[in-house]
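Written below as C-alpha coordinates is the structure these notes are about.
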Amino acid sequence: MIHRLPDLPYPKNALEPYISEETLEYHHGKHHAGYVNKLNALIKGTEYEGMSLEQIIRQSDGAIFNNAAQTFNHNLYWLSLSPEPTHPSKALHQAIDETFGSMDRFLQAFTDAAVGIFGSGWCWLAVDQEEKLRIRATSNAHTPLEHHETPLLTCDVWEHAYYIDYRNERAGYVETFWKLANWENASKIFADKEYLQNSGAL
Ligand code: MN
(Lines give C-alpha, C1' and ligand atoms only; values in the text may rest on other atoms or scores of the structure.)
Protein backbone atom coordinates (compact mmCIF):
# COMPACT_ATOMS: atom_id res chain seq x y z
CA MET A 1 0.00 0.00 0.00
CA ILE A 2 0.99 3.60 -0.54
CA HIS A 3 1.43 5.47 2.71
CA ARG A 4 0.19 9.03 2.75
CA LEU A 5 1.16 12.18 4.60
CA PRO A 6 -1.92 13.12 6.62
CA ASP A 7 -3.05 16.74 6.49
CA LEU A 8 -2.38 18.67 9.67
CA PRO A 9 -5.56 18.63 11.77
CA TYR A 10 -5.34 22.46 12.14
CA PRO A 11 -3.98 25.39 10.14
CA LYS A 12 -0.18 25.76 10.13
CA ASN A 13 -0.34 28.92 12.24
CA ALA A 14 -2.85 27.51 14.76
CA LEU A 15 -0.25 26.61 17.39
CA GLU A 16 1.30 30.08 17.51
CA PRO A 17 2.77 31.63 19.58
CA TYR A 18 3.97 28.34 21.06
CA ILE A 19 4.95 26.55 17.86
CA SER A 20 5.43 28.73 14.80
CA GLU A 21 4.02 28.34 11.32
CA GLU A 22 7.61 28.09 10.08
CA THR A 23 8.25 25.10 12.35
CA LEU A 24 5.11 23.32 11.14
CA GLU A 25 5.98 24.18 7.55
CA TYR A 26 9.28 22.33 7.88
CA HIS A 27 8.29 19.71 10.42
CA HIS A 28 5.19 18.52 8.57
CA GLY A 29 5.99 19.61 5.04
CA LYS A 30 9.65 18.53 4.93
CA HIS A 31 10.53 16.14 7.77
CA HIS A 32 7.31 14.15 8.06
CA ALA A 33 6.73 14.20 4.31
CA GLY A 34 10.30 13.01 3.83
CA TYR A 35 9.76 9.96 6.03
CA VAL A 36 6.55 9.03 4.19
CA ASN A 37 8.13 9.43 0.75
CA LYS A 38 11.24 7.52 1.76
CA LEU A 39 9.12 4.71 3.21
CA ASN A 40 7.13 4.36 -0.01
CA ALA A 41 10.33 4.28 -2.06
CA LEU A 42 12.01 1.72 0.21
CA ILE A 43 9.13 -0.79 0.37
CA LYS A 44 8.49 -0.82 -3.37
CA GLY A 45 8.85 -4.36 -4.63
CA THR A 46 9.55 -5.80 -1.15
CA GLU A 47 7.51 -8.01 1.19
CA TYR A 48 6.61 -4.84 3.11
CA GLU A 49 4.68 -3.35 0.21
CA GLY A 50 1.46 -5.16 1.14
CA MET A 51 1.70 -4.55 4.88
CA SER A 52 0.00 -2.00 7.10
CA LEU A 53 2.14 0.64 8.79
CA GLU A 54 1.81 -1.23 12.08
CA GLN A 55 2.94 -4.52 10.53
CA ILE A 56 5.96 -2.86 8.94
CA ILE A 57 6.95 -1.29 12.27
CA ARG A 58 6.73 -4.67 14.02
CA GLN A 59 8.52 -6.68 11.34
CA SER A 60 11.16 -4.49 9.73
CA ASP A 61 14.48 -3.05 10.78
CA GLY A 62 17.04 -0.60 9.41
CA ALA A 63 15.91 2.17 7.10
CA ILE A 64 12.45 0.71 6.47
CA PHE A 65 11.78 0.53 10.21
CA ASN A 66 13.10 4.04 10.79
CA ASN A 67 10.94 5.63 8.11
CA ALA A 68 7.82 3.60 8.99
CA ALA A 69 8.14 4.36 12.70
CA GLN A 70 8.81 8.04 12.05
CA THR A 71 5.75 8.15 9.80
CA PHE A 72 3.58 6.81 12.61
CA ASN A 73 5.28 8.81 15.37
CA HIS A 74 4.56 12.06 13.54
CA ASN A 75 1.00 10.98 12.67
CA LEU A 76 0.33 10.69 16.40
CA TYR A 77 2.34 13.81 17.27
CA TRP A 78 0.06 16.08 15.21
CA LEU A 79 -2.93 14.48 16.93
CA SER A 80 -1.20 14.98 20.29
CA LEU A 81 -1.36 18.75 19.85
CA SER A 82 -4.43 20.97 19.94
CA PRO A 83 -4.85 24.71 19.43
CA GLU A 84 -7.85 24.56 21.80
CA PRO A 85 -7.51 23.64 25.47
CA THR A 86 -8.56 20.03 26.12
CA HIS A 87 -8.96 17.91 29.23
CA PRO A 88 -8.46 14.24 30.01
CA SER A 89 -11.58 12.14 30.41
CA LYS A 90 -12.58 11.13 33.92
CA ALA A 91 -11.32 7.61 33.28
CA LEU A 92 -7.92 8.74 32.02
CA HIS A 93 -7.55 11.30 34.80
CA GLN A 94 -8.33 8.64 37.37
CA ALA A 95 -5.84 6.20 35.84
CA ILE A 96 -3.16 8.92 35.87
CA ASP A 97 -3.89 9.67 39.54
CA GLU A 98 -3.71 5.99 40.43
CA THR A 99 -0.52 5.33 38.48
CA PHE A 100 1.50 8.47 39.10
CA GLY A 101 -0.02 9.84 42.31
CA SER A 102 -1.50 12.98 40.74
CA MET A 103 -1.72 14.84 37.47
CA ASP A 104 1.05 17.20 38.61
CA ARG A 105 3.35 14.31 39.39
CA PHE A 106 2.64 12.78 36.01
CA LEU A 107 3.39 16.06 34.22
CA GLN A 108 6.66 16.41 36.11
CA ALA A 109 7.72 12.81 35.45
CA PHE A 110 6.89 13.06 31.73
CA THR A 111 8.66 16.42 31.46
CA ASP A 112 11.77 15.04 33.19
CA ALA A 113 11.77 12.01 30.90
CA ALA A 114 11.34 14.14 27.76
CA VAL A 115 14.01 16.66 28.71
CA GLY A 116 16.37 13.85 29.76
CA ILE A 117 16.40 11.94 26.48
CA PHE A 118 19.96 12.03 25.16
CA GLY A 119 19.89 13.14 21.53
CA SER A 120 16.86 12.64 19.32
CA GLY A 121 13.77 10.79 20.46
CA TRP A 122 10.22 10.77 21.69
CA CYS A 123 8.43 10.83 25.02
CA TRP A 124 5.16 8.93 25.33
CA LEU A 125 2.22 8.22 27.55
CA ALA A 126 1.33 4.63 26.69
CA VAL A 127 -0.73 1.72 27.94
CA ASP A 128 1.38 -1.41 28.41
CA GLN A 129 0.36 -5.02 27.83
CA GLU A 130 -0.90 -5.26 31.43
CA GLU A 131 -3.17 -2.27 30.79
CA LYS A 132 -1.03 -0.01 32.99
CA LEU A 133 -0.14 3.54 32.05
CA ARG A 134 3.55 4.07 31.39
CA ILE A 135 5.80 6.97 30.50
CA ARG A 136 8.15 5.80 27.78
CA ALA A 137 11.23 7.60 26.52
CA THR A 138 12.47 6.26 23.18
CA SER A 139 15.48 7.22 21.11
CA ASN A 140 15.53 8.09 17.42
CA ALA A 141 12.54 6.41 15.69
CA HIS A 142 11.68 3.88 18.40
CA THR A 143 8.08 3.66 19.46
CA PRO A 144 6.03 1.80 22.11
CA LEU A 145 4.20 0.05 19.24
CA GLU A 146 7.24 -2.21 18.91
CA HIS A 147 6.46 -3.59 22.36
CA HIS A 148 2.75 -4.00 21.72
CA GLU A 149 1.97 -1.00 23.88
CA THR A 150 -0.70 1.53 22.92
CA PRO A 151 0.55 5.12 22.75
CA LEU A 152 -1.92 7.80 23.85
CA LEU A 153 0.17 10.96 23.60
CA THR A 154 3.62 11.77 22.27
CA CYS A 155 6.07 14.64 22.39
CA ASP A 156 8.70 14.84 19.64
CA VAL A 157 12.01 15.92 21.12
CA TRP A 158 14.06 15.80 17.93
CA GLU A 159 15.70 19.21 17.54
CA HIS A 160 13.73 19.85 14.34
CA ALA A 161 10.59 20.00 16.52
CA TYR A 162 11.78 23.02 18.48
CA TYR A 163 15.01 24.51 17.18
CA ILE A 164 13.42 27.34 15.16
CA ASP A 165 11.27 28.49 18.10
CA TYR A 166 13.29 27.47 21.15
CA ARG A 167 16.83 26.99 19.77
CA ASN A 168 18.58 24.67 22.22
CA GLU A 169 16.01 25.11 25.01
CA ARG A 170 14.28 21.76 24.94
CA ALA A 171 12.89 22.30 28.44
CA GLY A 172 11.05 25.44 27.30
CA TYR A 173 9.54 23.52 24.39
CA VAL A 174 8.43 20.62 26.59
CA GLU A 175 6.84 23.06 29.03
CA THR A 176 4.92 24.52 26.11
CA PHE A 177 3.85 21.05 25.05
CA TRP A 178 1.53 21.00 28.08
CA LYS A 179 -0.24 24.11 26.80
CA LEU A 180 -1.01 22.26 23.57
CA ALA A 181 -1.34 18.61 24.62
CA ASN A 182 -4.43 17.04 23.11
CA TRP A 183 -6.02 15.23 26.05
CA GLU A 184 -9.19 14.67 24.10
CA ASN A 185 -7.38 12.54 21.55
CA ALA A 186 -5.44 10.69 24.27
CA SER A 187 -8.69 9.98 26.12
CA LYS A 188 -10.34 8.60 22.98
CA ILE A 189 -7.48 6.12 22.46
CA PHE A 190 -7.54 5.23 26.17
CA ALA A 191 -11.26 4.46 25.90
CA ASP A 192 -10.90 2.46 22.70
CA LYS A 193 -7.54 1.34 21.28
CA GLU A 194 -9.14 1.02 17.85
CA TYR A 195 -9.29 4.79 17.83
CA LEU A 196 -5.58 4.84 17.01
CA GLN A 197 -6.54 3.36 13.63
CA ASN A 198 -9.78 5.33 13.32
CA SER A 199 -7.99 8.62 13.96
CA GLY A 200 -5.76 7.96 10.97
CA ALA A 201 -2.57 7.62 13.03
CA LEU A 202 -2.10 4.04 11.86
MN1 MN B 1 9.78 15.28 14.14
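Whatever order the structure lists them in is the order used to number ligands and atoms, beginning at 1.
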Shortest-distance N/O/S atom, Asp156 versus the Mn ion (ligand 1): OD2
Whether His27 has an N, O or S atom under 2.8 Å from the Mn ion (ligand 1): yes
Metal check, the Mn ion (ligand 1) vs His160 N/O/S, cut-off below 2.8 Å: yes
CG-OG distance between Leu42 and Ser60, expressed to the nearest 0.5 angstrom: 10.0 Å
Plane angle bin for Phe177 and Tyr77 - parallel if under 30°, tilted between 30 and 60°, otherwise perpendicular: parallel
Shortest non-hydrogen contact between Asp156 and Ala161, atoms and distance: O-CB, 3.5 Å
Residue among Asn73, Thr138, Leu76 satisfying side-chain contact (heavy atoms from CB on, under 4.5 Å) with Pro151: Leu76
